[in-house]
Q: 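To start, I am sharing the structure in question, which I have written as structure tokens.
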Amino acid sequence: MTSPVERSDIPHELIPRHIALVMDGNGRWAQERGMPRTEGHRRGEKVLISLVEECLELGVDYLSAYAFSTENWRRSTDEVRFLMGFNRDVLRRQRDYLNSLGVRVRWAGRRPRLWRSVISELEKAEELTKDNTRMTLAMCVNYGGRAELVDAARAIATDAQRGALKPSSINEKVFAQYLDEPDMPDVDMFLRPSGEMRTSNFLPWQSTYAEMVYQDVLFPDYTPNDLRAAVLEYAQRDRRFGGVKS
């Protein structure tokens with residue numbers, strides 16, 4: 001059990017601006033309790049909303065949630081069908097509440113294969129919340145880091161071929177403009193509950209200098225206190241970005 005952490009324990013200036021969240025362990029949580037894997041996902045909805053609320057209290061500007069990866073299509077047909085409908089319904093259920101909190105919702109991910117009803121709900125949430133400024137919640141649905149980079153490279157090649165972009169002008173800043181969310185800030189804290197210690201193809205470009213925080217708690221059991229503990233651990237790190245502090 002994580003020891004209690006108060007918000008006052010964390011220096012405000014050391015709060016991460018952008019947290020990347022891998023919501024892992026839903027299926028295992030359910031299976032350990034003799035429940036269908038889908039029950040873990042259902043519980044995960046409440047956990048995500050509680051973390052959005054805590055991020056707002058902490059002063060986090062950007063939260064990216066890994067909701068469905070390009071690799072998740074490999075799961076059973078029943079689970080994929082459930083996850084598609086679940087992501088759609090979560091957006092439908094929560095968009096008004098997120099809007100009332102001042103949260104801007106954005107979508108990162110590929111259109112191909114994604115249910116049209118899911119795309120519709122994502123776009124409705126984006127439109128409804130587009131003027132909100134308290135925090136951004138990026139829902140990463142049908143997202144894969146390598147897919148994002150390949151799509152960006154393909155778009156750059158197309159623009160270069162038709163003469164809209166000079167190859168000599170391509171640098172990191174230009175490349176970033178071709179990503180799913182060009183205004184997404186670099187990830188400060190990469191957070192993965194569940195005891196697994198890998199990035200799973202999530203935001204590789206944006207996480208180049210992220211601090212990795214892994215916690216041994218399945219996502220349905222994750223609490224705002226666990227998040228504060230992760231942020232406190234992050235705040236105690238010495239971030240040098242390749243340099244040396246004098």
Side-chain angles (χ1 to χ4, degrees), residues 18-30 37-38 40-42 44-45 47-48 51 62-92 94 105-126 136-158 172 175-187 189-208 210 212 214 218-220:
H18 181 187
I19 296 175
L21 172 64
V22 180
M23 300 181 288
D24 193 23
N26 294 326
R28 277 176 286 155
W29 180 90
R37 288 174 57 86
T38 52
H41 297 302
R42 287 194 175 95
E45 176 184 352
V47 176
L48 176 60
L51 298 186
Y62 215 105
L63 175 66
S64 294
Y66 210 3
F68 188 89
S69 77
T70 50
E71 288 72 39
N72 286 157
W73 294 105
R74 301 171 186 167
R75 296 187 179 185
S76 71
T77 301
D78 287 344
E79 186 168 1
V80 168
R81 186 182 297 115
F82 170 83
L83 288 171
M84 285 292 103
F86 183 67
N87 276 293
R88 176 195 62 208
D89 296 344
V90 166
L91 289 158
R92 187 177 295 158
Q94 301 295 344
V105 178
R106 299 295 299 167
W107 167 37
R110 279 179 161 176
R111 283 178 175 268
R113 299 187 72 181
L114 194 56
W115 285 11
R116 281 179 291 179
S117 59
V118 178
I119 293 174
S120 176
E121 294 301 327
L122 284 162
E123 290 177 339
K124 287 177 183 176
E126 285 187 318
T136 296
L137 171 64
M139 293 297 293
C140 300
V141 184
N142 199 25
Y143 175 86
R146 287 183 173 180
E148 180 180 31
L149 297 179
V150 167
D151 290 346
R154 184 182 296 117
I156 288 171
T158 299
E172 291 183 14
F175 192 95
Q177 292 305 304
Y178 286 83
L179 298 175
D180 289 352
E181 284 294 298
D183 66 343
M184 179 183 285
D186 285 348
V187 174
M189 185 177 83
F190 190 106
L191 176 61
R192 183 169 192 152
S194 85
E196 302 291 347
M197 302 177 70
R198 56 180 177 272
T199 62
S200 294
N201 198 25
F202 189 40
L203 299 177
W205 177 276
Q206 299 86 347
S207 299
T208 303
M212 318 304 289
Y214 300 108
L218 299 177
F219 191 69

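We count residues from 1, following the sequence as given.
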Q: Could you walk me through whether N201 and E71 satisfy the side chain to side chain contact (heavy atoms under 4.5 Å, CB included) test, starting with their C-alpha distance in whole Å, then the side-chain angles of each, then the deciding distance to 0.1 Å, before giving a yes or no?
A: CA-CA 9 Å; N201 198 25; E71 288 72 39; 3.3 Å; yes
Q: Check whether the side chains of H18 and Q206 place a donor and an acceptor atom closer than 3.5 Å, and report yes or no.
A: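 Checked: H18/Q206 side chains show no N/O donor-acceptor pair below 3.5 Å.
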Q: Do T199 and M212 have side chains that approach each other closer than 4.5 Å (heavy atoms only, starting at C-beta)?
A: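 Side-chain contact under 4.5 Å: yes.
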Q: Identify the heavy atoms of L48 and A65 that sit nearest to each other, and give their distance.
A: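 For L48 and A65, the tightest heavy-atom pair comes out as CD1-CB, 4.1 Å.
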Q: Apply side chain to side chain contact (heavy atoms under 4.5 Å, CB included) to the pair W107 and D180, showing each step before the final yes or no.
A: CA-CA 8 Å; W107 167 37; D180 289 352; over 6 Å; no
Q: Sequence neighbours excluded, which residues qualify as side chain to side chain contact (heavy atoms under 4.5 Å, CB included) partners of R88?
A: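 For R88, the residues satisfying side chain to side chain contact (heavy atoms under 4.5 Å, CB included) (neighbours in sequence not counted) are R92, W115, S117, V118, E121.
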Q: With a 4.5 Å cut-off on side-chain heavy atoms, are M139 and R106 touching?
A: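 No; the side chains remain at least 4.5 Å from each other.
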Q: Decide yes or no for N142 and T70: does some side-chain heavy atom of the first lie under 4.5 Å from some side-chain heavy atom of the second?
A: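 Side chain of N142 against side chain of T70, heavy atoms only: contact under 4.5 Å found.
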Q: Ignoring hydrogens, what is the shortest heavy-atom contact between A155 and Y178? Give both atom names and the distance.
A: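 For A155 and Y178, the tightest heavy-atom pair comes out as CB-CD2, 3.6 Å.
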Q: Drop me the distance from Y66's OH to F190's CZ, to the nearest 0.5 angstrom.
A: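 Reported to 0.5 Å precision, the distance equals 8.0 Å.
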Q: Quick one: do the S200 and R192 side chains pair a donor with an acceptor below 3.5 Å?
A: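 Side chains of S200 and R192: pair found under 3.5 Å.
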Q: Can you name the closest pair of heavy atoms from A20 and L203 and give their distance?
A: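 It is CB-CD1, 3.9 Å.
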Q: Measure the CE-SG distance between M184 and C140 for me, rounded to the nearest 0.5 Å.
A: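 So the CE of M184 and the SG of C140 are separated by 5.0 Å.
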Q: Between CE of M189 and CG of L63, what distance do you get to the nearest 0.5 Å?
A: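 Between atom CE of M189 and atom CG of L63 there are 9.0 Å.
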Q: Can you list the steps and then say if L114 with L122 is a side chain to side chain contact (heavy atoms under 4.5 Å, CB included)?
A: CA-CA 11 Å; L114 194 56; L122 284 162; 4.2 Å; yes
Q: Distance from N72 atom CG to M84 atom CE, nearest 0.5 Å?
A: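 One gets 8.0 Å once the value is rounded to the nearest 0.5 Å.
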Q: Rounded to the nearest 0.5 Å, what's the gap from CZ on R154 to CG on L149? Could you check?
A: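 R154 atom CZ to L149 atom CG measures 12.0 Å (nearest 0.5 Å).
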Q: Students often mix this up, so state it plainly: with edges at 30° and 60°, are the rings of Y143 and F202 parallel, tilted or perpendicular?
A: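 Answer is perpendicular, since the angle exceeds 60°.
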Q: Side chain to side chain contact (heavy atoms under 4.5 Å, CB included) for S64 and L21? Distances and angles first, verdict last.
A: CA-CA 6 Å; S64 294; L21 172 64; over 6 Å; no
Q: Is any side-chain N of the basic residue among E196 and R28 closer than 4.0 Å to the acidic one's carboxylate O?
A: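 R28 and E196: salt-bridged.
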Q: Roughly how far, to the nearest 0.5 Å, is the CD atom of E79 from the CZ atom of R74?
A: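 Here the interatomic distance stands at 14.0 Å.
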Q: Please answer whether the main-chain N or O of S207 pairs with a side-chain N or O of D186 as donor and acceptor at a distance below 3.5 Å.
A: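 Answer holds: no.
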Q: Mind checking what makes side chain to side chain contact (heavy atoms under 4.5 Å, CB included) contact with A157, not counting sequence neighbours?
A: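 Once residues adjacent in sequence are excluded, A157 has no partner under the side chain to side chain contact (heavy atoms under 4.5 Å, CB included) criterion.
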Q: Do you know the tightest heavy-atom contact between G40 and A30?
A: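 Scanning both residues completely, I find the closest heavy atoms to be N-CB, 3.7 Å.
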Q: Is there side-chain contact between H41 and L83, with at least one heavy-atom pair below 4.5 Å?
A: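 SC-SC contact between H41 and L83 confirmed.
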Q: So, for W205 and A176, which heavy atoms are closest and what is the spacing to 0.1 Å?
A: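 Where W205 meets A176 most closely, the heavy atoms are NE1-CB, 4.1 Å.
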Q: Would W73 and F68 count as a ring pair (Phe, Tyr, Trp, His ring centres under 6.0 Å) here? Give the steps.
A: CA-CA 9 Å; W73 294 105; F68 188 89; 5.1 Å; yes
Q: Between D24 and S194, which heavy-atom pair has the shortest distance, and what is it?
A: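 Taking D24 first and S194 second, the nearest heavy atoms are OD2-OG, 2.7 Å.
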Q: Taking the side chain as every heavy atom from C-beta outward, state whether R81 and F86 have any pair of such atoms under 4.5 Å apart.
A: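 A side-chain contact is absent here, since even the closest heavy-atom pair is not under 4.5 Å.
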